[in-house]
Amino acid sequence: MKRNGINLFVLLIVLLCCSNNLAAQLNITPKPLSEELQKGTFTLNSKTVLYSNLQGEERKYVFDLLKESPLKLSETQKSGKKNSVNLILVEKTAEYPSFESYQLSITPKRITISATNGAGLFYGIQSLLQLVNQNEDAKTHKLPAALIKDTPRLSYRGLHLDVSRHFNTKEFIKKQLDMMAYYKLNRFHWHLTDGAGWRIEIKKYPLLTDVAAWRPYNTWKDWVNNKMDYCTKDNPKARGGYYTQEDIKEVVAYAKSHFITVIPEIEMPGHSGEVLAVYPGLSCSGKPYVNSDFCAGNDSTFTFLQDVLTEVMELFPSKYIHIGGDEAGKEGWKTCPKCQARMASENLKNVEELQSYFVRRIETFLNAHGRKLLGWDEILQGGLAPDATVMSWRGEEGGIAAARAGHQAIMTPVTNCYFDYYQDVPSTQPEAIGGFLPLQKVYSYNPVPDSLNAEQKKLILGVQANLWTEFIPTPEHAEYMIYPRLLALAEVAWSAPERKSYTDFHERALKEVDFLEKHGYHPFPLKNELGERPVSMNKEDHLALGKKVTYKENYYPNYTAGGDSALVDGIRGGWSYVDNRWQGFMNKDIDVTIDLGTSMPIHSVCANFMQIIGPSVWMPHDVEIKVSEDGTNFTSLKQIENDVPVDNDKLTFRDFGWEGDTTARYVQYVAHQNDKKGFIFTDEIVVK
Ligand code: ACM
């Protein structure tokens, strides 16, 4: 009895260890819909054969993929053999809700991937490859027997890359397409044109690539800090580049073989300074470098854009053509005689409606060629074009408004999807545009807003990460910003919400970072992550919590941090002022009085400020802290001068506070702005 007991105990331990081991081997990212470990293992070795009933070019795609992978499988004409990998197209059933769904069955005898379509088989292979790569050093791969059933949550799973601010080669693009496919992303949004450089050969307009693709500066920052001019390729200082039409075809074909659609973006009517530099007749002023918008009153603008789009459509089979549409200043339109004449003849009330006219006209052209218009959420201004799809970036509001109006939308809000933001403590990171987007914040995103009803939710096609490259001059740096955040985005896009767990994902992401490094990528070293600003992690308890605050000057409407209670809500800001925890004041002092409700002993009063000079966020010139018993007669406790230099271009935080012993009911906190135009931000006035 006793012996049996011990044996059973040992057996139990062995079983537990084994199952833990096996579980540890099913580390697929993004997390599949269901995973069931079964008994035994399958050993992949040099004798394993490959069968598929898939035909045509898709057969070639998946076979090529497997040939290049660590699985050097030879082909067989018979299905279901012992020691075989079988890729089987099956009839559509409820088991395969999407053409991208797949099932992966691993038994000790064989591996079978089934799907209704090449795409599903392709994703099943990606899961298999992940399992294989997880014990990559072994000559033979022992895979745990398992049944995986998987299907994507969302049909649009995208990565955007800005190649205007800094050009990246086609080889770089293909390298990223490999990883997009590996993590089951399926849309590459190629931001090919913008004020900092035109990147696609258009045969009819050679100056776009003879000149507007080249800048006589090393980096975007140098260009911005100088004349923002262009040069020819033969200028000894020329930096930049473009894709020939052959390059584009190569990338599009490569993407197709990875079941990725490439969506080109041609910016209009704004962000087009590079075009106007070489074809100034298309601007309102008729001169280069005045503003960045095409003239909307000039028919030549539409001729130009239609010519460009005609060549673009020949290169890109994508149903969607992205026409930008963001951040058009529209200043020139207000006084341009041609724009004014257009507004009069088309009965347009304002420049927003003129922009809407512009977008509708382009949409009509695209629709006539069987394509659909996609644009940033500003295309909602002045009325959305009839069949347009909205890419919601300034928040989710644009996507929500589009879905409520019956339009499709893709979510890519700055708050969770802008990979040009810092991903860790800014002082430890290469210079970024600002913001703070750690891995967990990407992971936590839900792109289908609860505020939509079931029908509207179906109009949210998916989600996309955006990499703008103003501050990202090298390919290594771009990869550093993309990975591992792209894995989090992939899981947001693919995995069922109930299957998500950040702890589990983080474990997998650490391993994937090692994998990426081993394969020549340059991910952010996740194991060294420091994370959020420590004071922002917990609610701060202090005497002014929840007390009434009176403002002499109003805070800025875009940075309320929650309104009148923000400075006494105990919620401290994170590393970025865009987290809606910092209250911002533009071109004015902060002058607030807190009523503690009753007279009480006070030992300290302190507030924290940040300086980040890129977006004109400054330390106050000085701070004065005063107290009063009656709310009328105030005694100054301390005046504190700022000692952070105005040319300090590192993100800097500084406390301005007083410590001592006093008794008072009212605390007045005054932060005077310096003589620079811009913002002051604070997160809390802590009274103790
Ligand atoms: C954008 O970030 N301007 C779309």
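In each ligand, atom 1 is the first atom listed, and ligand 1 is the first ligand listed. No hydrogens, no waters, no symmetry mates; every other heavy atom, side chains included, goes into these values.
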J.: Taking only heavy atoms of Trp468, which atoms of ligand 1 are found under 4.0 Å from at least one of them?
T.: 1 (C), 2 (O), 4 (C)

J.: Going by the angle between their ring planes, with limits at 30° and 60°, are Tyr480 and His477 parallel, tilted or perpendicular?
T.: perpendicular

J.: For atom 2 (O) of ligand 1, grab the closest protein heavy atom and report residue, atom and distance to one decimal in Å.
T.: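 Ranked first by proximity to atom 2 (O) of ligand 1 is Tyr418 OH, 2.6 Å.
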
J.: Do Phe679 and Tyr556 make the cut of ring centroids closer than 6.0 angstrom?
T.: yes

J.: Can you sort out which atoms of ligand 1 are near Glu327, meaning under 4.0 Å from one of its heavy atoms?
T.: 3 (N)

J.: Considering non-hydrogen atoms of the protein only, which is the closest contact for atom 3 (N) of ligand 1, and what is the distance?
T.: Asp326 OD2, 2.7 Å

J.: In terms of ring plane angle, is the pair Trp376 and His322 parallel, tilted or perpendicular, where the classes change at 30° and 60°?
T.: tilted

J.: Let's go through Phe419 and Trp468 carefully: what are the C-alpha distance in whole Å and the side-chain angles of both, what is the deciding distance for ring pair (Phe, Tyr, Trp, His ring centres under 6.0 Å) to 0.1 Å, and is it a yes or a no?
T.: CA-CA 8 Å; Phe419 285 11; Trp468 301 100; over 10 Å; no

J.: Does any N or O atom in Trp393 lie less than 3.5 angstrom from one in ligand 1, N or O only?
T.: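 No; the residue has no nitrogen or oxygen that sits under 3.5 Å from a nitrogen or oxygen of the ligand.
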
J.: Mind checking whether Phe294 and Phe358 have parallel, tilted or perpendicular rings, split at 30° and 60°?
T.: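 Phe294 and Phe358: tilted rings.
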
